[in-house]
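Worksheet: the structure to be examined is printed underneath.
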Amino acid sequence: MDLVQLLTPEGERVDHPDYPLRAGPRELRGLYRDMLLTRRFDAEAVTLQRQGELGLWASLLGQEAAQIGSGRATRPDDYVFPCYREHGVAWTRGVDPLNLLGMYRGVNHGGWDPDENNFHLYTIVIGPPLLHAVGYAMGLTREGAGSAVLSYFGDGASSQGDVAEAFTFAAVNQAPVVFFCQNNQWAISTPASHQTRTPIFRRAEGWGFPGVRVDGNDVLACLAVTRSALERARAGQGPTLIEAFTYRMGPHATSDEPRRYRADAEVAQWEAKDPLLRLKTHLLAQGHADSAFFAELAEEAEQLARRVRDGVRAMPDPDPDQLFRHVYVDEHAQVREEQQTYQAYQAMFAGEGGRG
Amino acid sequence: MDLVQLLTPEGERVDHPDYPLRAGPRELRGLYRDMLLTRRFDAEAVTLQRQGELGLWASLLGQEAAQIGSGRATRPDDYVFPCYREHGVAWTRGVDPLNLLGMYRGVNHGGWDPDENNFHLYTIVIGPPLLHAVGYAMGLTREGAGSAVLSYFGDGASSQGDVAEAFTFAAVNQAPVVFFCQNNQWAISTPASHQTRTPIFRRAEGWGFPGVRVDGNDVLACLAVTRSALERARAGQGPTLIEAFTYRMGPHATSDEPRRYRADAEVAQWEAKDPLLRLKTHLLAQGHADSAFFAELAEEAEQLARRVRDGVRAMPDPDPDQLFRHVYVDEHAQVREEQQTYQAYQAMFAGEGGRG
Amino acid sequence: MMPVTPTAHAVRPQERPAPEKMSLAGALNAALRDALDEDPKVLVQGEDVGRLGGVFRVTDGLQERFGADRVVDAPLAESGIVGTAIGLALKGFRPVVEIQFDGFVFPAFNQIVTQLAKMHARSLGKVRLPVVVRIPYGGGIGAIEHHSESPEAYFMHTAGLRVASPSNAEDAYWMLRQAIAADDPVVFLEPKRRYWDKGEVDLSAAPAPLHKARVARRGADLTLAAYGPSVRLCLEAAEAAAAEGRSLEVLDLRSLSPLDADTVEWSVKRTRRLVVVHEAPVFTGAGAEIAARVQERCFYHLEAPVLRVGGFHAPYPPSRLEAEYLPGLDRVLHAVDQSFAH
Amino acid sequence: MMPVTPTAHAVRPQERPAPEKMSLAGALNAALRDALDEDPKVLVQGEDVGRLGGVFRVTDGLQERFGADRVVDAPLAESGIVGTAIGLALKGFRPVVEIQFDGFVFPAFNQIVTQLAKMHARSLGKVRLPVVVRIPYGGGIGAIEHHSESPEAYFMHTAGLRVASPSNAEDAYWMLRQAIAADDPVVFLEPKRRYWDKGEVDLSAAPAPLHKARVARRGADLTLAAYGPSVRLCLEAAEAAAAEGRSLEVLDLRSLSPLDADTVEWSVKRTRRLVVVHEAPVFTGAGAEIAARVQERCFYHLEAPVLRVGGFHAPYPPSRLEAEYLPGLDRVLHAVDQSFAH
Ligand SMILES: Cc1ncc(C[n+]2csc(CCOP(=O)(O)OP(=O)(O)O)c2C)c(N)n1
Ligand SMILES: Cc1ncc(C[n+]2csc(CCOP(=O)(O)OP(=O)(O)O)c2C)c(N)n1
Ligand SMILES: [Mg+2]
Ligand SMILES: [Mg+2]
């Protein structure tokens, strides 16, 4: 199987002719830091969900390398379209982790300004955002901007018709977009083998653009392959499909019970390929990082977790008037009428403390 | 370009290692007869439309070989899912041509019994029938039937998400279905190059089943390639995608003005590849048919045209009660109520001859 | 007019013991199990319905019992799920497909509206598509976006579909059996926040045909019409109103297409007041049709206009606002007050 | 209540000559031309809109004039057309997409309902999607299946969308300009059987804001409310009724979401009778919402129930039956008679 790898599970650096990568100790430590902080943040979110602070959480555990590697390949002027699990990518874009928690807490449906970090809102419906990404890329071309778009999806998502249409529009428009599939082997309880009989990256051939499979637990390979694809896109050479072969170590979301459908042995097997572990081994073996670095990082992670914990707990419940406020940009008679009725209704009970 | 051909535009028989075909004079004459009668029927329909007997007609002119070749590859127990232009395929399934005209006349939306000839209703919406074909094929597998399904679509249709989903369901279920794309180069005014940058048959690779491009104006190649794919399907080896490279010689439909978007020279170029001409040349050169054969056939074609003409003119307008009759199998209060109101309303005017 | 029972097909209840206590989800599971058991042509297809037993466990244990060929874990593609179900129905199967959540039915909308709903008419009656599209719907479970919607009006407006929604365990069992037995396509809306509500299920006989409304509580002064998740709410409102001396009748519509307007008319002509309650946005929702129909049929009987209580003309909000968005006890009682104010 | 004009954006009519006579399709073409001309961010995308100029020639000549990058012949995939338009809007463009016929909007339904309609609210107002979805709709042109449908109710019920439909050339021009200028997504329904109707178009000023209804004919005895293709029908009915001494008021609703219920109320409170006419099936259609709203607002003014005339609860029939299916002059006048019989 053609799997691009630059760092083995044992932490050894290997070369790939198509994807040369020069990454110095600082950059390597930076990538490790990204992955560790993301993992810590993610774990905190799981805890917060258990404590009832969040309604749900979709953990990225195991996918840190795929997300940090690809996310770090972007430039500030690039634009990213995530699904709902791209917490690591958000991190690389500078999105405040607290922003990601709002929708899982139930105080908003996202609600950050996508243009602030060129990181679009999470989208729950599977399929649509890939077409948004392509449309955005078509816009970039029309503006003569030399930027690119990075669009995430999953192995399950690969079955949606919208994904194929996105490939079509991207191909015929030679749009500067990179499709990044995190094949984490599972779509809730459905194994990737129920979605496709061939490696997903091979889909690209049929549309006439390159497809490549990369070790999704190898942050360096993910970085190099995505960087190369983004450069291709920016240079006007059109789309690329990247399949990052990785694994969802946790449940689909906190509500899920993965033991109903997959064996512990499979999970254990993937634990050996842990994306953080291999980079840590490498850093230590090469003398690129010492125990002080890891200790400081652990402390930074705890600080992050604390900030997130406190931040979430302090998140106010939304103002009910928000129900009406952003349905339309401009005045809409039915919304106005319902808003007024609602306000009058609320006012009725204002003194009473009764029906509300 | 890898294009399977067994009969050149000059009428010469050539061999292809993967698609041996033994076709004696009788079979060859039969194929020619099928194509000629289909073409004559089609021309009559165009005339009937001009005379106002039909509201619209979608001519298959130029695609006779693709349709007759593939249609004649089916067995009676196979099942066919057409779009709206598969008049030649319908002919090979034994569907009365008059049945095809009902919807274009506006007296029904199809309305034949698909199970009578294992030929499904024409479907106007582009995309959905491919999934119906796959579902039917999944049903065949479950019944242990050794039959296959043949599903038609166009170059334009290849862009629809449903088509990709059909490939996915077919692949993961190893369903006994053959996808037959008539790439006639145009989707109304949109050239195939606006749908895809690669030959359509190559899509199949990404799903892990074979794709093949065949000369769509070569009835023998279409027959051989489709026969082989159907056999593969019946043997439980899963789907195949066939792209028949052909040309829509006429307008998209009678309402269309192709001169707005394509050059006469292009049309002329394809005239030289006429599917009937090349088989006729071959039949004559090989002495498989004489002028008496062609004269008789011409007479048969005129008879068919007459029968169709008379049949269409005699087609009664539908009974208004048909509006209500088949919305549901079982009683439905709103339909019943509207039907009764409508009948009472009609009765009001029955004597009057007034408002109706 | 005499209501007619939909053609009963393959509903042959076996001999069974006295009423059992089940959750609504459990009753649905039992209905699927019995349907799969009795008719080899019944199939279940959906995302995660097999090994996992569905995200709500409604299909729990079915794949184990009936095999992966009859309880099918489908690829993640709703158009494909419904589209292949249509093909399976053309081959003589009776597929029951699951859409994982209300908000994910829209990728299948084209197949449902242009194909599933129309093929019987298109074929002049020669083709039948006995497909059931099960959709857990409605809010109140604290979920994220697209997991709490009420899309019933889209389906009501689509001729060729039947639309039904049970409100309790017994109806859940029997209405699903009837939906599977029906030769028409049925959009079967399951009130997900009532999945865990328990009730008695008499497995020996169906309480009523699929298309009939049910009087859930008799009353004299005003009619509350609801379906699915809102029936329990209306019963609670009737209870509360009774304490204030008002006698509210509660209708459980059960079927939305057809709509049992006869029963609504019969009730309103007695009570002379009607409030319709549903979770879906009021604007061009089911309540609009009920109001339009009732003001026509009961023009001289109504003491007050038909009032509607439902969702706002806004996307379903984040869960911390859903209590404000959804009709609650107080909003229902307020509408009752308003009706009596006339 | 004071109606508020939607934010006027980029509608800067240049100096132009006196009213021109144009067909409705011609007016739409002029509106697209002027919008493309005035704002470089405006794009047109659809199947066959470029070289062919659209199957109805509404986009005739635009690609030649503005180039293939601004008038884009898209692949045959409606979800892709709307989905990429959303992406273009996110990048700051104002795409106007064409759905070739009413019946082909359903593959795009998921993008329209779950994305286009909801993204502004989802982003708490940070994202705006000024996308116009143009759909030639309605029957009466003798077409085959899926080419004559009226899907407006689906879009009305979807919060976040504006829905509008012009009935004449002048409105066609101005309403399309306003729709393109609006910062909300607009489903713009074009009455295809009126494409060839000619009318005066005053290019110097808009007759009314997008969301306002218009009194198409003043009358005293009964109100006919309609939109799009049915307005002309209602005017003909009013003319016929006048001969019998009945004075019918005709409202052209123009906008369906928002619905200008104020104007309807104002009219009905004078005439005391209302008949709503549209081509779409009556069941859970636009007329249901209008009836429900009017019986609530005008309860004490109505002399008769609000009546609805429209399509049947059946798929749009083959064209040789469409005259029976569509509301015609006689069915409208019959409803008027029925109203007066109360
Ligand atoms: C259109 C649609 N259908 C169904 C769902 C419900 N759903 C949420 S996540 C999921 C599985 C997604 O799998 P994959 O694409 O592999 O992404 P992953 O969750 O593994 O990151 C499903 C079925 C959805 N969100 N959208
Ligand atoms: C979903 C859908 N969108 C649009 C149309 C309108 N339409 C009818 S035929 C056609 C072109 C089809 O091209 P192709 O698939 O190549 O088939 P061909 O007509 O060439 O046989 C279009 C756009 C349709 N029928 N269905
Ligand atoms: Mg996955
Ligand atoms: Mg074509």
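Chain A is the first sequence line, chain B the second, and so forth, proteins listed ahead of strands; every chain is numbered from 1.
- Most heavy-atom pairs under 4.5 Å with chain A, from the set B:His194, B:Gln160, B:Arg197, B:Glu165: that is B:Arg197.
- When the heavy atoms of residues 203-212 of chain A are compared with those of chain B, the residues falling under 4.5 Å are A:Arg203, A:Glu205, A:Gly206, A:Trp207, A:Gly208, listed by number.
- Inspection of non-hydrogen atoms places A:Ala171, A:Val172, A:Gln174 of residues 171-185 of chain A under 4.5 Å from chain B.
- The greatest number of non-hydrogen atom pairs below 4.5 Å with chain A, out of B:Ile200, B:Thr198, B:Thr196, is found for B:Thr198.
- Residues meeting the salt bridge (charged side-chain N to carboxylate O under 4.0 Å, His left out) test with A:Glu231, sequence neighbours left out: none.
- Contact of B:Gln195 with chain A is made through the backbone alone, with heavy-atom distances under 4.5 Å.
- Chain A forms more heavy-atom pairs under 4.5 Å with one residue of B:Ser193, B:Ala166, B:Ser159 than with any other, namely B:Ser159.
- Among the residues in residues 118-132 of chain A, none has a non-hydrogen atom closer than 4.5 angstrom to a non-hydrogen atom of chain B.
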